[in-house]
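Notes to accompany the following structure.
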Amino acid sequence: MNSFWSKKRWALTATIMSMALLAACGSDNTGEGVLTVATSGTLYPTSYYESGSDELTGFEVEVVREMASRLGLEVEFKEMGLDGMLKSVSTGQVDIAANDIEITDERAEKVAFSTPIKHSYGTAIVRTDDLSGIKTFEDLKDKRAAGAATSIYMDLAREYGAEEVIYDNATNELYLRDVAVGNTDVILNDYFLQTIALEAFPELEITIHPDLKYVPSEAAMVMDKENSELTEQVNRVLGEMLEDGTIAEISSEFFAGADVTQEPDFDFDE
């Protein structure tokens with residue numbers, strides 16, 4: 001009898017939680033039971049389209065799909081640049097932003113972050129023949145650094161006096177080719193993203209700088225600070241997916257066998 005009532009109580013609790021989550025995700029733009037997610041569709045291998053395919057995929061795209069399935073929600077992806085993602089979350093146009101977004105204190109004042117799902121660090125893509133004239137961070141002065149205006153990597157480029165070259169949701173290929181032909185000099189970004197992107201374009205005379213490893217980072221999904229119910233449920237499910245190895249399996253698929261859920265273990269330059 002006690003077991004029966006325990007099961008009934010759990011069923012009632014689960015129903016109430018589900019109804020609350022649906023309400024938390026509902027907005028004028030979405031139907032009930034739909035999770036709207038901002039992502040770029042251009043950031044390989046986090047959020048992109050396979051050549052010749054119209055199906056969005058990538059590490060965070062597939063994490064989101066599995067997470068939403070466990071929450072009993074459908075997913076609607078909306079593609080935009082990073083700056084637009086953060087604004088759309090804050091204004092309630094989307095429920096979540098998922099696009100390898102690093103956790104920073106400044107951003108945490110404006111938005112809520114989920115449990116981290118990816119650990120990495122910064123690297124620099126430069127030309128192979130002369131490393132774009134960069135030996136140390138001090139050599140970034142007056143170099144043309146490509147990236148997004150609000151990324152932690154562009155913050156570092158500014159700190160060392162680099163000239164900003166801002167792209168609005170550009171593809172990896174455009175970023176990389178511009179370095180190769182000299183339109184820009186360096187791309188400061190995440191190690192895993194840079195490594196996989198380089199493998200996709202082996203014909204380009206560019207490489208990851210051998211001596212610059214910096215800024216250990218954590219990437220997470222972004223939500224509105226006011227939507228505590230959504231944040232709680234997202235963190236609950238992501239915790240389960242980290243615990244049961246699901247996110248590690250998705251990582252292995254998109255990062256050439258690497259497990260990005262594990263923190264890097266070495267000293268950093270910055």
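Because only heavy atoms are used, hydrogens play no part in the values below, and waters and symmetry mates are left out as well, while side chains stay in.
- Put simply, the side chain of V179 reaches to within 4.5 Å of the side chain of I187, judged on heavy atoms.
- Hydrophobic clustering of Ile, Leu, Val, Met, Phe, Trp and Tyr side chains at less than 4.5 Å, counting indirect connections, unites V260 with L238.
- If you take NZ on K87 and CE on M85, they are separated by 14.5 Å, rounding to the nearest 0.5 Å.
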> Between E203 and R177, is a salt bridge (charged side-chain N to carboxylate O under 4.0 Å, His left out) present by the stated rule, with each step listed?
Replying inline: CA-CA 10 Å; E203 74 279 9; R177 288 191 183 279; 3.0 Å; yes
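- Within the 4.5 Å cutoff, the side chain of V237 has heavy atoms near those of the M241 side chain.
- Of the possible polar contacts, one joining the S88 side chain to the G84 backbone as a donor-acceptor pair under 3.5 Å is found.
- Scanning all heavy atoms of the two residues, the minimum distance from H119 to Q262 falls at CB-O, 3.5 Å.
- Summarising the geometry of V64 relative to M221, their closest heavy-atom pair is CG2-CE, 3.6 Å, with the distance given to 0.1 Å.
- Of the possible polar contacts, none joining the S151 side chain to the G147 backbone as a donor-acceptor pair under 3.5 Å is found.
- Annotation: side chain of V61 is not in contact with side chain of V37 (no heavy-atom distance under 4.5 Å).
- Using a 4.5 Å heavy-atom threshold, the side chains of L56 and T39 count as touching.
- Between E55 and Y49, every side-chain heavy-atom pair lies at or beyond the 4.5 Å cut-off.
- No more than 12 heavy atoms of other residues, nucleotides or ligands sit less than 6.0 Å from atom CD of E74.
- Not one N or O on the side chain of S47 forms a donor-acceptor pair closer than 3.5 Å with the backbone of G58.
- Side-chain contact between V186 and L140 is present, with heavy atoms from C-beta onward closer than 4.5 Å.
- Checking side-chain atoms of D259 against main-chain N and O of T261 turns up a donor-acceptor pair under 3.5 Å.
- Side chain of N99 to backbone of S40: a donor-acceptor contact under 3.5 angstrom is found.
- For the pair R127/D185, a side-chain contact is recorded, criterion being any heavy-atom separation below 4.5 Å from C-beta on.
- For the 3.5 Å distance criterion, the side chains of T184 and D178 fail to qualify, holding no donor opposite an acceptor.
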>> side chain to side chain contact (heavy atoms under 4.5 Å, CB included), that's the test. Do V222 and I96 meet it? Break it down for me.
In response: CA-CA 5 Å; V222 172; I96 291 176; over 6 Å; no
> What do the steps show when you test E164 against R158 for salt bridge (charged side-chain N to carboxylate O under 4.0 Å, His left out), and what is the final call?
Replying inline: CA-CA 7 Å; E164 301 173 44; R158 291 189 195 100; 2.8 Å; yes
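- In this structure, V165 is a member of the same hydrophobic cluster as L174, with clusters built from ILVMFWY side-chain heavy atoms closer than 4.5 Å.
- Checking side-chain atoms of S69 against main-chain N and O of R65 turns up no donor-acceptor pair under 3.5 Å.
- Among all heavy-atom pairs drawn from L35 and L230, the shortest one is CD1-CD1, 4.1 Å.
- Donor-acceptor pairing under 3.5 Å is lacking for the side chains of S114 and N235.
- Contact detail for E102 and R107: the closest heavy-atom pair is O-NH1, 2.9 Å.
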>> Run Y121 and Y214 through ring-ring contact (aromatic ring centres under 6.0 Å, His included) and show every step you take.
In response: CA-CA 6 Å; Y121 56 91; Y214 57 93; 8.2 Å; no
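- Taking hydrophobic clusters as Ile, Leu, Val, Met, Phe, Trp and Tyr residues chained together by side-chain heavy-atom distances below 4.5 Å, L176 does not share a cluster with Y44.
- The number of heavy-atom neighbours closer than 6.0 Å to NZ of K225, taken from other residues, nucleotides and ligands shown, is above 12.
- Checking Q93 against T91 by side-chain atom types alone, a donor-acceptor pair falls below 3.5 Å.
- Hydrophobic clustering (ILVMFWY, side-chain heavy atoms < 4.5 Å, transitive): I125 and L204 are in one cluster.
- Linking ILVMFWY side-chain heavy atoms closer than 4.5 Å, directly or via other members, places L198 and L131 in two distinct hydrophobic clusters.
- No donor-acceptor distance shorter than 3.5 angstrom exists from the side chain of S132 to the backbone of I134, with no hydrogens or angles considered.
- In this view, F77 satisfies the ring pair (Phe, Tyr, Trp, His ring centres under 6.0 Å) rule with no residue, not counting sequence neighbours.
- Screening I247, D100, I101 for a side chain to side chain contact (heavy atoms under 4.5 Å, CB included) involving K118 leaves a single residue, D100.
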>> Is there a side chain to side chain contact (heavy atoms under 4.5 Å, CB included) between T46 and F254? Walk through the geometry before answering.
In response: CA-CA 8 Å; T46 287; F254 288 99; over 6 Å; no
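- The two residues M223 and V234 make their nearest non-hydrogen contact at SD-CG2, 3.8 Å.
- Remark: E106 CD is loosely packed, at most 12 non-hydrogen atoms of other residues, nucleotides or ligands lying under 6.0 Å away.
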>> The test is side chain to side chain contact (heavy atoms under 4.5 Å, CB included); show your working for N189 and T123 and say whether it passes.
In response: CA-CA 6 Å; N189 212 319; T123 51; 5.9 Å; no
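- For F59 and F255, the distance between ring centers is under 6.0 angstrom.
- A salt bridge links R236 and E240; the closest N-O separation between the charged side-chain nitrogens and carboxylate oxygens is under 4.0 Å.
- Inspection of the E173 and Y175 side chains reveals no N or O donor paired with an N or O acceptor under 3.5 Å.
- Annotation: side chain of I206 is not in contact with side chain of V126 (no heavy-atom distance under 4.5 Å).
- We find that K213 and D190 are not joined by a salt bridge, their nearest charged nitrogen and carboxylate oxygen being 4.0 Å or further apart.
- Checked by atom type and distance alone, the side chain of E163 never pairs as donor or acceptor with a backbone atom of K141 at under 3.5 Å.
- Heavy-atom minimum distance, A256 versus I196: CB-CD1, 4.0 Å.
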